[in-house]
Amino acid sequence: MFKGTYRRNGEGDYRCSPSEVKAMLRDQTEDTMDMKVLEEMQMDVFNMETVHAYRNRHMVYRREHVWGQLEDTDYLERIGAARVLYTDNKLHPTAAGLLMFGDEYKILYEYPEYFLDFRELLDPTIRWTDRLQSSSGDWTGNLFDFFFRVYQMIK
């Protein structure tokens, strides 16, 4: 690590000194962006139909898993979709949980630029033959539901 770490700047790549590597290690965060607890949001941001669809898929592949018996809130905490905020001792969604299981209009509160868009281009003479957007309002607009809707379209 101390002899083969490189850093890129505008002019190219250069080898880092041991002190630069130590600084990178010191400054790294333990929590990733998706683990961020959304303090201003409550657990009602989750679309429970999506949560149950996710749980059902999980149980199909892992029938005997111990989390299958948990209440929804405990399950969401175990998979990292929610975490207890120690300042108020309440469960709040994480960034990953909101994106995966939230309704699109609630996702926009935290991520105003959020927009999922799938376009099927089968005929070059027309713009697109089919399209799925998170902002259409006729489905949840979250990542979980988007993945399976798109999967059905490309399958």
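Atoms considered below: every heavy atom in the structure, side chains included; atoms not considered: hydrogens, waters and symmetry mates. Quick caveat: nothing in here was measured; it's all calculated off a predicted structure.
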Atom CZ in R149, atom OG1 in T140: separation rounded to 0.5 Å? 7.0 Å
Co-membership, hydrophobic cluster, residues M153 and F115, 4.5 Å side-chain: no
Tell me the closest heavy-atom pair linking T129 and L121, and the distance in Å. OG1-N, 4.1 Å
With no hydrogens and no angle check, is any side-chain donor or acceptor of W139 less than 3.5 Å from a backbone partner on Q133? yes
For R7, does the CZ atom sit with more than 12 other heavy atoms under 6.0 Å from it, leaving out its own atoms? no
Using a 6.0 Å cut-off, check whether atom CD of E71 has over 12 heavy atoms from anything other than its own residue. no
Closest approach of E11 and N9, non-hydrogen atoms and distance? N-OD1, 2.8 Å
Step by step, work out the side-chain contact (heavy atoms from CB on, under 4.5 Å) result for M24 and M1. CA-CA 11 Å; M24 285 187 237; M1 174 171 19; over 6 Å; no
Looking only at atom types and distance, does a side-chain atom of H52 sit under 3.5 Å from a main-chain N or O of M48, one as donor and one as acceptor? yes
Same hydrophobic cluster for Y109 and I107, using side-chain heavy-atom links shorter than 4.5 Å among ILVMFWY? yes
Under a 3.5 Å distance rule, please check whether Y111 uses its side chain to pair with a backbone N or O of A95 as donor and acceptor. no
Which atom of A53 lies closest to which atom of F144, heavy atoms considered: CB-CE2, 3.9 Å
Nearest heavy atoms of R57 and Y61, plus distance in Å: O-CD1, 3.0 Å
Do M35 and M43 belong to the same hydrophobic cluster, where Ile, Leu, Val, Met, Phe, Trp and Tyr are linked whenever their side-chain heavy atoms lie under 4.5 Å apart, directly or via other members? no
Looking at CG of L70 and CD1 of I79, how far apart are the two atoms once the value is rounded to the nearest 0.5 Å? 10.5 Å
F101 side chain near L76 side chain, heavy-atom distance below 4.5 Å: yes
Distance in Å, R119 CZ paired with D130 CG, rounded so as to fall on 0.5 Å steps: 12.0 Å
Within 45° of the six-membered ring axis of Y75 and under 6.0 Å from that ring's centre, is NZ or CZ of R55 located there? yes
Count the heavy atoms of every other residue, nucleotide or ligand shown that sit under 6.0 Å from CD of E20, and state whether that count exceeds 12. yes
Evaluate side-chain contact (heavy atoms from CB on, under 4.5 Å) for Q42 paired with H92, printing each intermediate quantity in order. CA-CA 5 Å; Q42 305 302 316; H92 295 270; 3.8 Å; yes
Could you state the interatomic distance from CG (L98) to CG (L108), rounded to the nearest 0.5 Å? 9.5 Å
Would you say that F146 contacts L99 through its side chain, given a criterion of any heavy-atom pair below 4.5 Å between the two side chains? no
Do the rings of F147 and Y151 sit parallel, tilted or perpendicular, given the 30° and 60° boundaries? parallel
Interatomic spacing from CG in L85 to CG in L38 - rounded to 0.5 Å: 10.0 Å
Give the C-alpha distance, both sets of side-chain angles, the deciding distance and a yes or no for side chain to side chain donor-acceptor pair (under 3.5 Å) between T50 and D145. CA-CA 7 Å; T50 303; D145 290 338; 2.8 Å; yes
Quick one: CG on L116 to OG on S136, what's the gap to the nearest 0.5 Å? 10.5 Å
Do any pairs count as a side-chain hydrogen bond (donor to acceptor under 3.5 Å, both in side chains) and have a residue in residues 94-107, sequence neighbours left out, and if so which ones? N47-D103
Run I154 and F118 through side-chain contact (heavy atoms from CB on, under 4.5 Å) and show every step you take. CA-CA 10 Å; I154 63 177; F118 172 80; 3.4 Å; yes
Linking I/L/V/M/F/W/Y whenever their side-chain heavy atoms sit closer than 4.5 Å, directly or via other members, would F46 and M41 fall into one cluster? yes
Tell me whether V66 shares a hydrophobic cluster with V51, the cluster being built from Ile, Leu, Val, Met, Phe, Trp, Tyr side chains joined at under 4.5 Å. yes
